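A, B, ... follow the sequence lines: proteins, then strands. Residue 1 opens every chain. Only a predicted model underlies this, so the values are computations on that prediction, with no experimental measurement involved.
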Amino acid sequence: LLRGRFPLVCLPRPPPVAAGSGPVGPGGGRTYAPPAERKRFYQNVSISQGEGGYEINLDHRKLKTPQAKLFTVPTEALAIAVATEWDSQKDTIKFYTMHLTTLCNTALDNPTQRNKMQLIRAAVKFLDTDTICYRVEEPAALAELQKNEWDPIVAWAEKRYNVTIGSSTSILGPNISASTKETFISHLASYNMWALQGIEYVITQLKSLILSMGLIDRHITVEKAVLLSRLEEEYQIQRWGNVEWAHDYDLCELRARAAAGTLFVHLCSESSSVKHKLLQD
Amino acid sequence: MAVLGSPLRTLRALLRELRQASGGAGRPYRDTPAYRHILAAFRNHRVTSEKLCRAQQELHFQAATYLCLLRSVREHAALHQEYHGKGERSPEEVAGLVGFRLPQQPGGKG
């Protein structure tokens with residue numbers, strides 16, 4: 001049984017390849033990577049509310065995860081955003097652009113099979129090698145730039161979470177105390193499992209726990225967080241020039257992923273109640 | 001707090017991105033759930049006497065984040081198409097690059 005990435009419908013068997021070409025799997029059978037793109041096979045995308053949450057409908061078919069579970073999301077806003085991803089595909093479905101869908105699939109399938117504590121520990125572990133705590137000594141201009149751009153964010157995190165973090169030029173990285181880690185562990189424990197998947201995703205993309213918390217706490221925008229994460233690249237670009245097909249490509253991809261992760265976290269942890277203020281104020 | 005600029009500007013840019021993104025079955029982009037949801041959310045949060053309404057800021061941040069997502073995905077896809085979307089050259093094209101031509105073998109390759 002061929003398992004495609006989105007096995008709603010069994011993918012048709014690819015046409016037989018001439019003998020001797022194509023990757024050969026164990027036992028002599030041919031293994032195929034799931035296609036990165038697929039033709040758009042649906043006209044209408046809509047959402048509906050089911051027992052487990054909001055579902056996505058592609059024409060009359062219900063969207064499923066790669067592990068063939070029913071695709072359900074906890075909030076309407078998230079469902080609408082996912083539906084928009086599917087609806088904006090034109091002739092071909094470009095799976096690599098559908099970050100929110102991917103995040104939902106990860107939350108539903110949990111392919112790495114981690115529980116909440118394992119996710120939290122994986123996230124907090126990044127603090128030991130947090131990008132904005134890991135400083136260079138030379139070139140002096142870059143060291144200065146890191147100090148000016150990153151110190152304020154570290155200071156913000158220290159104040160906001162009442163911890164000491166500091167920074168280091170040592171190859172071992174900053175020395176993070178156990179109590180600091182405990183603070184972050186218990187803070188992250190207040191998020192639900194879905195939001196945690198999103199948080200861990202953003203941390204992995206930005207290579208920084210502190211920048212990610214800055215995003216989650218709405219202290220900095222996505223553009224700023226990505227800029228700070230890529231500070232050294234930006235410095236080199238200023239010095240040596242920009243290469244569009246590499247630099248801009250990576251920049252856009254990182255922005256898209258960080259934005260998707262942040263939005264995912266907020267949409268999974270919001271309580272969408274508009275507090276109506278009393279008229280006599 | 002994050003420096004976000006004017007909510008109106010964010011909203012306009014966001015709606016523009018939605019218009020660009022709607023590649024669907026010819027349905028006008030104003031009809032989509034996303035468009036309606038965003039407009040409704042902005043309208044709901046408009047009426048407030050507080051200058052620093054927290055819910056307003058949260059919404060604005062969310063809108064700005066979504067705008068960043070849509071914009072970056074579009075730009076990334078465009079860059080991918082332009083620089084990485086062409087795929088591999090066929091053997092004929094490769095031969096042609098250096099001025100050769102593949103031989104015509106009657107009965108196909110051996």
Side-chain angles (χ1 to χ4, degrees), chain A residues 18 40 42-47 76-77 79-81 83-91 94 96-100 214-215 217-226 244-246 248-263 266-267 270 272-277 279 281, chain B residues 1-5 10 17-27 29 31-38 40-41 43-45 47-50 53-85 108-109:
Chain A
R40 178 169 173 154
Y42 48 90
Q43 292 267 33
N44 295 313
V45 184
S46 59
I47 63 173
E76 188 184 13
I80 292 178
T84 309
E85 268 186 355
W86 284 88
D87 204 27
S88 26
Q89 304 305 314
K90 299 190 164 60
D91 303 313
K94 297 179 164 57
Y96 54 84
T97 62
M98 300 164 75
H99 303 293
L100 289 173
L215 263 182
D217 292 342
R218 299 182 191 88
H219 178 68
I220 47 177
T221 61
V222 174
E223 287 91 343
K224 176 95 192 207
V226 168
E244 195 181 32
W245 56 260
D248 284 351
Y249 188 79
D250 287 345
L251 175 67
C252 288
E253 174 154 39
L254 187 56
R255 273 190 185 158
R257 286 162 180 249
T262 308
L263 189 64
H266 287 148
L267 291 179
E270 72 174 2
S272 53
S273 58
V274 178
K275 291 189 176 60
H276 295 282
K277 301 213 69 145
L279 285 175
D281 232 3
Chain B
M1 278 290 118
V3 179
L4 286 175
T10 309
E17 284 295 333
L18 278 180
R19 186 177 68 204
Q20 295 202 5
S22 77
R27 221 161 122 209
Y29 79 106
D31 212 10
T32 52
Y35 187 92
R36 281 185 258 129
H37 179 93
I38 288 169
R43 277 200 198 108
N44 279 342
H45 285 81
V47 186
T48 174
S49 54
E50 283 201 9
C53 174
R54 195 188 134 106
Q56 231 177 25
Q57 280 186 331
E58 285 183 11
L59 172 69
H60 190 193
F61 188 89
Q62 238 176 61
T65 306
Y66 192 39
L67 169 62
C68 181
L69 172 61
L70 290 177
R71 199 185 263 160
S72 318
V73 162
R74 181 175 51 81
E75 289 172 356
H76 177 252
L79 281 171
H80 184 91
Q81 197 49 40
E82 186 174 344
Y83 291 111
H84 305 281
K109 289 165 82 163

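Heavy-atom distances place no part of A/Leu254 under 4.5 Å from chain B, backbone and side chain included. For chain B, the nearby part of A/Thr84 is the side chain; its heavy atoms alone come within less than 4.5 Å. Only the backbone of A/Asp217 comes within less than 4.5 Å of a heavy atom in chain B; its side chain stays farther off. For B/Thr65, the parts sitting under 4.5 Å from any heavy atom of chain A are the backbone and the side chain alike. Both the backbone and the side chain of A/Leu263 come within contact range of chain B, with heavy atoms under 4.5 Å apart. Neither the backbone nor the side chain of B/Leu70 comes within less than 4.5 Å of any heavy atom in chain A. Looking at A/Val45, only its backbone comes within 4.5 Å of chain B, counting heavy atoms on both sides. Residue B/Ala64: no heavy atom, backbone or side chain, is found under 4.5 Å from chain A. Heavy-atom distances place both the backbone and the side chain of A/Ala260 under 4.5 Å from chain B.
More than 12 heavy atoms of other residues, nucleotides or ligands sit less than 6.0 Å from atom CG of B/Asp31.
Contact record, B/Val73 with A/Ala256: CG2-CB, 3.8 Å, taken as the closest heavy-atom pair. Of all heavy-atom pairs spanning A/Lys90 and B/Ala21, the tightest one is NZ-O, 3.9 Å.
For the options A/Arg218, A/Glu223, A/Glu253, heavy-atom pairs under 4.5 Å to chain B are most numerous at A/Arg218. Top candidate by heavy-atom pairs under 4.5 Å with chain A, chosen from B/His37, B/Glu58, B/Arg74, is B/Glu58.
The aromatic rings of A/Tyr249 and B/His84 lie tilted to each other, with the angle between the two planes from 30° to 60°. Between B/His76 and A/Tyr96, the ring planes lie perpendicular to each other; the angle is over 60°, past the 30° to 60° tilted range.
Contact annotation: the side chain of B/Cys68 never approaches that of A/Thr221 to less than 4.5 Å [non-hydrogen atoms, C-beta and beyond]. Within the 4.5 Å cutoff, side-chain heavy atoms of A/Leu215 are placed close to those of B/Phe61.
A/Leu267 CG to B/Tyr66 OH: the interatomic distance, rounded to the nearest 0.5 Å, is 9.5 Å. One finds the CD atom of B/Glu17 at 10.5 Å from the OG atom of A/Ser88 (value rounded to the nearest 0.5 Å).
In this view, A/His99 satisfies the ring pair (Phe, Tyr, Trp, His ring centres under 6.0 Å) rule with no residue, not counting sequence neighbours.
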